[in-house]
Novice: 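Before anything else, here's the structure in question.
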2 protein chains.
Amino acid sequence: MAFEQGKLARMAPRMTESSKPVYQQVADWLRQMINAGELPPGAQLPTEKELSERFDAARATVRQGLTVLVNEGLIRPSRPRGYFVRGHELMYYRPQAEWRPHPTSPEMDRWMEEQTTLGREPSQKITVEIIKAPVRVATRLELGDDDLVVARRRVRFLDGEPFNLNDSFYPLELVQGSEIVNPADVARGTNQALTDLGYEQVRAIDEIESRMSLPDEVTRLELPIAAPVLVHRVTGFTADDRPVRHTLNVLIGSKHVVLFERQKNMGK
Amino acid sequence: MAFEQGKLARMAPRMTESSKPVYQQVADWLRQMINAGELPPGAQLPTEKELSERFDAARATVRQGLTVLVNEGLIRPSRPRGYFVRGHELMYYRPQAEWRPHPTSPEMDRWMEEQTTLGREPSQKITVEIIKAPVRVATRLELGDDDLVVARRRVRFLDGEPFNLNDSFYPLELVQGSEIVNPADVARGTNQALTDLGYEQVRAIDEIESRMSLPDEVTRLELPIAAPVLVHRVTGFTADDRPVRHTLNVLIGSKHVVLFERQKNMGK
DNA sequence: TCGTATGGATTGACTAGACAATGGCCTTTG
DNA sequence: CAAAGGCCATTGTCTAGTCAATCCATACGA
């Protein structure tokens, strides 16, 4: 019953901040090791057993501490091998790029170069549905609750890994019979297709929010657990201010940076 | 020991999806009640005891399920009163607004003015430091690791509640001796102050990412627990492409929507 | 040599308790 | 009537286990 080793081990990390709950001490200790680089991305953490001995705590307690770090996105459990430090390779995501094929000032390039020019393998899965407009879509497309929209859903992959969800909605009456309803790649882009139909978009509103991923997003993005996601919504308007497209982008928060560039005295 | 009531109660929610772990069933059941509006914002959830009886599970198990919802930001524990459904009043946050002309009183800066218009009680705490530029700041301001910057840190409150963190960094040599180094409100705005110093910003790059809040952000924002935050960085450039300001905004994810508007074929 | 069992280590899920901490409510007291 | 104190329901922290599921490596067999 008595556990001499345990008492000694307890001295080390636990005394320093004796007021805090033990599970937080565990989390703090590991977090600091990770931030200091002592546990680099990919490194394996001490096992639950080792931690419970080192902190002289029950396994459930160190587990509670590990859960904190998992929820923070710092570590990833890989059963039954152990916990590993997550690496975060950031992708830059530029909503403005859809209208500016070759934009970017030299400043931006410096930050992007490292990540963007890695020669990745993109692919996507497309499905198309005709559905009643969900509330948030109907609002933005200025439709009634019973109006139909074409929902063009894409899961985009990079090197085989799910990268984001990209669902676009179009009022059915505008695109019926066009290639947009066809669940295949539109080579020249759906925006060009809309233009060809007489609905060129000249203005867009971008909305960006952040929340935890929903259960079905966890599935589609093949996430190990719920993680923060960036939700990016675009509503495209024609010259006469008619909304003709709404796109819902769900990006894995830890993997993306959304980038905008703006200039003073541009509009009006 | 035997608990007849428990057996009966178990029938109801637990049988339906017997394959899933119980803690997930608890989370799913409550989540659905919340989404369906049966538990509206502000409503109190069943207590842990009630849930453990209803699902015929140990308290630790239903607690695990409740933790999921807390991490998703759906509910908020209020000890010792119980768990409550979180309401989400969204604020629109418009980075582009900082360059619109100042219409009204010069007494308030732009943010405070906007909020007052909306009938809120804004306030802020400002502190100013002179520090070595943190890596992410130094990179964007094109400074060396040892160069000094003025860090102007603000915590903004709305109706007494912390709302976001807003830290701006300026190369020391540009602003030394100016009012920017003074930890008081700059009535006409720090951007105007920079302009007056000969460094008008005509271009900006916005970066937006999402992650879980760090421990010190949890403290400063007085969050009950770690929650997803939106991190918004702005780098401001002069006409000759010199970066003169970097701002780091930390927004509580569940409370903000970042809004951009863009126009086709406007610039260049 | 090439699969094919078989263990072992590790995390996942869960139980049945204990005690501490806290905020609200009610009672008592001045 | 108002302030002070104590009760109590509820969550926070933690223990000490059990059994299940999974991946990896090792040993075994054809």
Side-chain angles (χ1 to χ4, degrees), chain A residues 1-3 6-7 9-10 13-14 17-30 43-71 74-86 218 223-226, chain B residues 1-3 6-7 9-10 13-14 17-28 30 43-71 74-86 218 222-226:
Chain A
M1 272 293 159
F3 199 74
K7 264 183 190 159
R10 175 178 186 161
R14 208 174 179 175
E17 4 182 23
S18 53
S19 63
K20 278 197 205 171
V22 178
Y23 80 92
Q24 271 193 27
Q25 295 179 33
V26 174
D28 290 348
W29 186 64
L30 291 170
Q44 181 169 9
L45 272 68
T47 64
E48 294 176 353
K49 187 155 165 283
E50 284 167 4
L51 286 172
S52 72
E53 281 164 10
R54 180 185 288 271
F55 283 85
D56 192 19
R59 191 180 149 223
T61 302
V62 303
R63 227 177 129 67
Q64 197 179 352
L66 287 161
T67 303
V68 171
L69 298 185
V70 169
N71 281 327
L74 275 179
I75 65 176
R76 166 181 54 87
S78 177
R79 175 183 176 199
R81 279 174 301 166
Y83 291 84
F84 295 86
V85 179
R86 286 179 57 169
V218 172
L223 295 172
I225 47 125
Chain B
M1 271 296 154
F3 199 76
K7 263 182 189 160
R10 175 178 187 163
R14 208 174 178 173
E17 5 182 20
S18 54
S19 63
K20 277 196 206 172
V22 178
Y23 80 92
Q24 271 193 31
Q25 295 180 33
V26 175
D28 290 348
L30 291 169
Q44 180 168 11
L45 273 68
T47 64
E48 294 176 352
K49 187 155 165 282
E50 283 167 4
L51 287 171
S52 72
E53 281 165 10
R54 181 185 287 271
F55 283 86
D56 192 19
R59 192 180 147 222
T61 303
V62 304
R63 225 177 130 68
Q64 198 179 351
L66 287 163
T67 303
V68 170
L69 298 185
V70 169
N71 280 326
L74 275 178
I75 65 176
R76 165 182 56 85
S78 177
R79 176 184 176 197
R81 280 175 302 165
Y83 292 84
F84 295 86
V85 180
R86 287 180 57 168
V218 171
E222 296 175 22
L223 295 172
I225 45 119

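Convention: sequence-line order gives letters A, B, ...; per-chain numbering from 1.
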Novice: If you only use heavy atoms from C-beta on, which nucleotide in D/dA16, D/dT11, D/dT13 is closest to the side chain of A/Pro21?
Specialist: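 The answer is D/dT13.
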Novice: I want to check something: taking the side chain as every heavy atom from C-beta on, are B/Leu51 and B/Leu30 in contact at a cut-off of under 4.5 Å?
Specialist: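 B/Leu51 reaches B/Leu30 side chain to side chain.
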Novice: Only pairs under 3.5 Å count here: list side-chain donor-acceptor contacts from residues 43-50 of chain B, not counting sequence neighbours, and write none if there are none.
Specialist:
unit_1  : atom_1 : unit_2  : atom_2 : d
B/Gln44 : NE2    : B/Arg81 : O      : 2.7
B/Thr47 : OG1    : B/Glu50 : N      : 3.2
B/Glu48 : OE1    : B/Arg59 : NE     : 2.5
B/Glu48 : OE1    : B/Arg59 : NH2    : 3.0
B/Glu48 : OE2    : B/Arg63 : NH1    : 2.7
B/Glu48 : OE2    : B/Tyr83 : OH     : 2.8
B/Glu50 : OE1    : B/Thr47 : N      : 3.2

Novice: Report the C-alpha distance between B/Ile75 and B/Leu66 in whole Å, list the side-chain angles of each, state the deciding distance to 0.1 Å, and finish with yes or no for side-chain contact (heavy atoms from CB on, under 4.5 Å).
Specialist: CA-CA 8 Å; B/Ile75 65 176; B/Leu66 287 163; 3.9 Å; yes
Novice: In whole angstrom, what separates A/Gln64's CD from C/dA13's C1'?
Specialist: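 One finds 15 Å between C1' of C/dA13 and CD of A/Gln64, rounded.
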Novice: As a test of reading the structure: which of C/dT22, C/dC14, C/dG12 is closest to the side chain of A/Pro77, going by heavy atoms?
Specialist: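 Nearest to the side chain of A/Pro77 among the choices is C/dG12.
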Novice: Round to a whole Å and report the spacing from CD of B/Glu48 to P of C/dT22.
Specialist: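 Rounded to whole Å, this separation is 17 Å.
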Novice: Specify the separation, in whole Å, of atom NZ of A/Lys49 and atom C1' of D/dG17.
Specialist: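 Interatomic distance, NZ of A/Lys49 to C1' of D/dG17: 15 Å.
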Novice: D/dA21, C/dT10, C/dC14: which one has an atom nearest the side-chain heavy atoms of A/Arg79?
Specialist: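 Closest of the options to the side chain of A/Arg79: D/dA21.
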Novice: Measure CG/B/Asp56 against P/C/dC14 and give the value in whole Å, please.
Specialist: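 Going from B/Asp56 (CG) to C/dC14 (P), I get 12 Å.
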Novice: May I ask you to evaluate whether B/Arg63 reaches the phosphate of D/dT11, defined as a side-chain N or O under 4.0 Å from OP1 or OP2?
Specialist: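 B/Arg63 to D/dT11 OP1/OP2: no side-chain N or O under 4.0 Å.
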Novice: Rounded to the nearest angstrom, tell me the gap between atom CZ in B/Arg76 and atom P in D/dG12.
Specialist: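 From B/Arg76 CZ to D/dG12 P: 12 Å.
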Novice: Verify the contact: side-chain N or O of B/Arg81 to OP1 or OP2 of D/dA9, cut-off strictly under 4.0 Å; return yes or no.
Specialist: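 B/Arg81 to D/dA9 OP1/OP2: no side-chain N or O under 4.0 Å.
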Novice: Check the phosphate of C/dG23 against B/Ser78, side-chain N and O only, distance under 4.0 Å to OP1 or OP2. Yes or no?
Specialist: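 Result: no.
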Novice: Expressed in angstrom and rounded to an integer, what is the separation of B/Leu66 atom CG from D/dG12 atom P?
Specialist: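 Rounded to the whole Å, the gap is 9 Å.
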Novice: Would you name the heavy atoms of B/Val62 and B/Ala57 that are closest together and state the gap between them?
Specialist: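 Closest approach of B/Val62 to B/Ala57: CG1-CB, 4.4 Å.
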Novice: List the atom of A/Ala27, the atom of A/Gly65, and the distance in Å for their closest heavy-atom pair.
Specialist: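 Shortest heavy-atom contact: CB-O, 3.7 Å.
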Novice: Quick check for you: among D/dT18, D/dA16, D/dT11, whose closest atom lies nearest to any side-chain atom of A/Ala58?
Specialist: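 Nearest nucleotide to the side chain: D/dA16.
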Novice: Return no unless some side-chain N or O of B/Tyr23 is found under 4.0 Å from OP1 or OP2 of C/dT15.
Specialist: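 Looking at the OP1 and OP2 atoms of C/dT15, neither is under 4.0 Å from any side-chain N or O of B/Tyr23.
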Novice: Here's a test of your reading of the structure: between B/Gly82 and A/Arg59, which maps to the more 5' nucleotide of DNA chain D?
Specialist: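 Nearer the 5' end of the strand: B/Gly82.
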Novice: Distance check needed: C/dG23 P versus B/Gln44 CD, whole Å only.
Specialist: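 Rounded to whole Å, this separation is 15 Å.
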Novice: Can you tell me how far C1' of C/dG12 sits from CD1 of A/Ile75, to the nearest Å?
Specialist: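 Rounding to the nearest Å, CD1 of A/Ile75 and C1' of C/dG12 are 14 Å apart.
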